[in-house]
Amino acid sequence: MTASLPMSSDPPEVVLQIYDEWRRWLELPGELPQIVWERMHQRGEYLRSLLQFMVCGSEPHRSGSDEHAEWRSHNAMQTTCMVLTAP
């Protein structure tokens with residue numbers, strides 16, 4: 001089974017802007033839990049992009065596109081799990 005491109009109702013420039021935001025945020029471990037919590041509640045493209053970072057299923061989130069993609073994927077998953085299981 002091959003990964004399909006994600007469907008988004010947002011214009012491509014919005015999708016890339018949110019991707020760039022997540023890419024920066026995923027490198028801020030101290031601030032990341034609060035950012036994830038806030039953006040998960042916004043749903044839409046923010047949530048879709050976060051999930052794409054976790055699974056690296058499509059470009060530009062895919063591992064082959066950059067050397068730090070796997071690290072960001074792990075960081076996204078770990079932080080999201082922490083946020084969802086926090087008391």
Side-chain angles (χ1 to χ4, degrees):
M1 176 193 257
T2 60
S4 61
L5 293 175
M7 300 302 287
S8 177
S9 59
D10 292 307
E13 61 272 4
V14 172
V15 172
L16 288 176
Q17 175 191 350
I18 292 173
Y19 165 80
D20 286 338
E21 288 176 14
W22 274 119
R23 191 172 166 177
R24 284 191 317 272
W25 292 332
L26 288 168
E27 295 177 7
L28 302 170
E31 300 172 32
L32 190 56
Q34 184 62 33
I35 292 169
V36 168
W37 179 253
E38 291 168 0
R39 295 309 181 264
M40 283 177 63
H41 285 64
Q42 288 182 350
R43 299 183 183 177
E45 182 58 28
Y46 280 103
L47 181 57
R48 189 200 67 78
S49 188
L50 175 63
L51 294 173
Q52 286 294 323
F53 268 107
M54 285 188 233
V55 299
C56 293
S58 65
E59 296 299 341
H61 304 83
R62 191 174 301 207
S63 303
S65 64
D66 133 8
E67 64 205 38
H68 300 292
E70 188 174 328
W71 179 83
R72 282 193 301 272
S73 174
H74 175 77
N75 202 14
M77 178 66 77
Q78 184 177 22
T79 302
T80 301
C81 289
M82 183 177 67
V83 166
L84 292 174
T85 59

- Item | Polar contact flag, side-chain donor to acceptor under 3.5 angstrom, Q52-Y19 | no
Could you tell me the separation between the [atom1] atom of [X] and the [atom2] atom of [Y], rounded to the nearest 0.5 Å?
| X | Y | atom1 | atom2 | value |
| --- | --- | --- | --- | --- |
| Q78 | L32 | CD | CG | 9.5 Å |
| E45 | L16 | CD | CG | 9.0 Å |
| I35 | T79 | CD1 | OG1 | 10.0 Å |
| I18 | E13 | CD1 | CD | 11.0 Å |
| R23 | D20 | CZ | CG | 7.0 Å |

- side chain to side chain contact (heavy atoms under 4.5 Å, CB included) partners of R43, counting only residues at least two apart: none
- Item | Set of residues satisfying side chain to side chain contact (heavy atoms under 4.5 Å, CB included) with respect to S73, sequence neighbours excluded |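 C56.
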- Task: Please check if M82 and L50 belong to a single hydrophobic cluster, counting links between Ile, Leu, Val, Met, Phe, Trp and Tyr side chain heavy atoms closer than 4.5 Å.
- Result: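 Different clusters.
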- Note on the structure: Sorted by chain and residue number, the ring pair (Phe, Tyr, Trp, His ring centres under 6.0 Å) partners of W71 (sequence neighbours excluded) come out as none
- Task: For residues 25-40, pull every pair meeting salt bridge (charged side-chain N to carboxylate O under 4.0 Å, His left out), keeping only residues two or more places apart or in separate chains.
- Result: E27-R72
- Query: After noting the C-alpha distance and the side-chain angles of T80 and M40, does the key distance pass the side-chain contact (heavy atoms from CB on, under 4.5 Å) rule?
  - Reply: CA-CA 9 Å; T80 301; M40 283 177 63; 4.1 Å; yes
- I would like to know whether V36 and W22 meet side-chain contact (heavy atoms from CB on, under 4.5 Å); could you show each step before the answer? CA-CA 9 Å; V36 168; W22 274 119; 3.9 Å; yes
- Message: Contact between Y46 and H41 at the side-chain level, heavy atoms closer than 4.5 Å - yes or no?
- Response: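 Sidechains of H41 and Y46: no contact.
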- Which pair of non-hydrogen atoms, one from P33 and one from V83, has the smallest distance, and what is that distance?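 Reported closest heavy-atom pair: O-CG2, 3.5 Å.
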